[in-house]
Amino acid sequence: VIVVTIAGLVYTRYGRTTQYQENYNLALGEAAQAHIQTDPTEVRRTWDSTLYYLDLADNYQVTQESLNLRQQAQTALDNLDGIVRLDFQTAIVGGFDHTVQIDRMAATNTDLYLLDASRGSVARASLGSQGYEVDTGFDCGPGLYGTITVGNLIDIEALQMSNDYNARVMAIDASGTLLYCGFNMDPEAVPLSPPPLGWQGISAFTLDPDDKYLYVLDPPGNAVWVYQGASGKFNDSPTMFFGQQVPQNMSTSIDLDANNSDMYLLFEDGHVTACPVSHYAVVPLRCSDPATFVDNRPERQPGPKIADAIFNQISFAAAPDPLLYLLEPLTRAIYNFSPRSDSLELRGQIRTSMEQSNSLSNIPAT
């Protein structure tokens, strides 16, 4: 027993150190190769190998030297992929109950509106010195408003300050009823005029940057319906966005957004269709279906999809730096693109810091 115990102690102290050092030295060798490579493919391979041997070394020991080398390798790979790492922090003071399922958000300069899919209601949080504090008196959810019944809300959009309802956020339910909500006001429900054959299955809606046009996505109906409005009101009957050219597989579209010149549709498999915006019936509509992703990263080629990403939400940011943002839930990454009428050029990604990425759970981002 004494011999076995001593042998175990010796292995623990010296054997693990030896195993660590061997793998760390291999990682150092790969890093040295990476510095002299000029072929981007080899640069990526050698930095990946560096991380591989560091992972093996970490099984035995973690040192400041190995941490520094890991940071160096990860930064090099991030530079190849255009990844910017940010330090994320908890936004909501005190957090939410575990039953809350936030799947949509809309923001103004001071307020954050969050759609709780589990209840079909919207929460408001205002920016304070410690973070965003939930407004417990904010009312915006399903219910009876006068004679109008509002079902579970499925999507939200922040509104400009100048609208006839004095509302700060607008939501929609599956039956096409809009709910206008703000603080110091009672919510107001307004049903949209349905299309000629009725709604088949609303899944999302969006506003253009000027809040003049409202777009409603109805995948089962193979349609996007457009409402022209003013001051936050959309009382007219809708027009069908598409003319003779309806994008393929419209039933698999899941999200949309628009600027003043183009509308973008996102599909389940991660591809995007770009369509020019024209509110004149005489102008023929020709969509880029699918739009081409221009991926300028080493070893990548332009194509209808990003090889290592399947997106599930899309959002447009207006001037001064107009970009199209797409959420990749599994890697918890935000990809940003320069939008064109027929293509989307990858500008980069936003991800958490490596320390946070390793400590976060593997639950997909929403």
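Under a hydrophobic-cluster definition in which Ile, Leu, Val, Met, Phe, Trp and Tyr are linked whenever side-chain heavy atoms come within less than 4.5 Å, directly or via other members, L115 and L112 are assigned to different clusters. The same ILVMFWY cluster, assembled from side-chain heavy atoms under 4.5 Å apart, contains both Y132 and F96. I83 and F337 fall into different hydrophobic clusters, where Ile, Leu, Val, Met, Phe, Trp and Tyr side chains are chained together by heavy-atom contacts under 4.5 Å. Put simply, L159 and L179 are part of two different groups of oily side chains (I, L, V, M, F, W, Y) that touch within less than 4.5 Å, one to the next.
M263 and F241 get closest at one heavy-atom pair: CE-CE2, 3.6 Å. The nearest pair of heavy atoms linking I202 to S175 is CD1-C, 4.2 Å. Annotation for D139 and P187: closest pair O-CG, 3.1 Å, computed over non-hydrogen atoms. Residues R332 and A365 come closest through the heavy atom pair CG-CB, 3.7 Å. Between F316 and P209, the shortest heavy-atom contact is CE2-CG, 4.4 Å. Looking at every heavy atom in both residues, L51 comes nearest to Q74 through CD1-OE1, 3.8 Å.
Remark: side-chain polar atoms of T75 are not paired, donor with acceptor, to backbone N or O of Q72 under 3.5 angstrom. Judged purely by atom type and a 3.5 angstrom limit, D218 uses its side chain to pair as donor or acceptor with the backbone of G201. R104 contributes no side-chain N or O that, together with a main-chain N or O of V122, makes up a donor-acceptor pair within less than 3.5 Å. Put simply, the side chain of D255 gets close to the backbone of I314: a donor and an acceptor are under 3.5 Å apart. Side-chain N or O atoms of E345 include none that pairs as donor or acceptor with a backbone N or O of P339 at under 3.5 Å. The backbone N or O of V62 sits nowhere less than 3.5 Å from a side-chain atom of S66 that would complete a donor-acceptor pair. D116 places a side-chain N or O within donor-acceptor distance of the main-chain N or O of Q101, the cut-off being under 3.5 Å. One N or O on the side chain of T50 and one on the backbone of T46 form a donor-acceptor pair closer than 3.5 Å. Checking side-chain atoms of E328 against main-chain N and O of I310 turns up a donor-acceptor pair under 3.5 Å. Proximity of a side-chain donor or acceptor of N163 to a complementary backbone N or O of Q160 within less than 3.5 Å is detected.
Ring centers of Y335 and Y325: at least 6.0 Å apart, outside the cut-off. Remark: aromatic rings of F234 and Y213 are distant, center separation not under 6.0 Å. Annotation: Y165 is in aromatic contact with Y180 [ring centroid separation under 6.0 Å].
Taking CD of E22 as the reference point, atom OH of Y53 lies at 11.5 Å (rounded to 0.5 Å). In this structure, CG in D257 is found 10.0 Å from OH in Y264, a value given to the nearest 0.5 Å. The CG atom of N249 sits 8.0 Å away from the CG atom of D289 when rounded to the nearest 0.5 Å. Atom OH of Y215 is separated from atom CG of L256 by 9.0 Å, given to the nearest 0.5 angstrom. Summarising the geometry, atom CG belonging to L327 is positioned 9.0 Å from atom CZ belonging to F311; distances are rounded to the nearest 0.5 Å. Rounding to the nearest 0.5 Å gives a distance of 5.0 Å between OG of S126 and CZ of R124.
A cation-pi arrangement, defined by a distance under 6.0 Å to the six-membered ring centre and an angle within 45 degrees of its axis, is present between R168 and F183.
Relative orientation of the H35 and W47 rings is perpendicular, given thresholds of 30° and 60° on the angle between their planes.
Other residues, nucleotides and ligands contribute only 12 or fewer heavy atoms inside 6.0 Å of the CG atom of D186. By the neighbour-count criterion of 12 heavy atoms within 6.0 Å, atom CE of M105 is sparsely surrounded, having that number or fewer from other residues, nucleotides or ligands.
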Margin query: I'd like to know whether M170 forms a side-chain contact (heavy atoms from CB on, under 4.5 Å) with I156, so could you lay out the CA-CA distance, the side-chain angles of the two residues, the decisive distance to 0.1 Å, and finally the verdict.
Written below: CA-CA 6 Å; M170 179 171 67; I156 58 175; over 6 Å; no
Notebook entry, point to check: Where do Y145 and T177 land on the side-chain hydrogen bond (donor to acceptor under 3.5 Å, both in side chains) test, with the steps shown first?
Noted result: CA-CA 11 Å; Y145 297 91; T177 298; over 6 Å; no
Next item on the list: List the steps and the verdict of salt bridge (charged side-chain N to carboxylate O under 4.0 Å, His left out) for R340 and D342.
Entry: CA-CA 5 Å; R340 304 287 184 267; D342 61 348; over 6 Å; no
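Look at D78 and R85 and you find a salt bridge, because one of the NZ, NE, NH1 or NH2 atoms lies within 4.0 Å of a carboxylate O, short of that distance. Using a 4.0 Å cut-off between charged nitrogen and carboxylate oxygen, D39 and R44 do not count as a salt-bridge pair. Using a 4.0 Å cut-off between charged side-chain N and carboxylate O, D58 and R70 make a salt bridge.
Side chains of R347 and S338: a donor on one and an acceptor on the other come within 3.5 Å. Checked by atom type, the side-chain pair Y20/T63 shows a donor-acceptor distance below 3.5 Å.
Looking only at side-chain heavy atoms (C-beta outward), D295 and I306 come within less than 4.5 Å of each other.
Residues meeting the side chain to side chain donor-acceptor pair (under 3.5 Å) test with D262, sequence neighbours left out: none.
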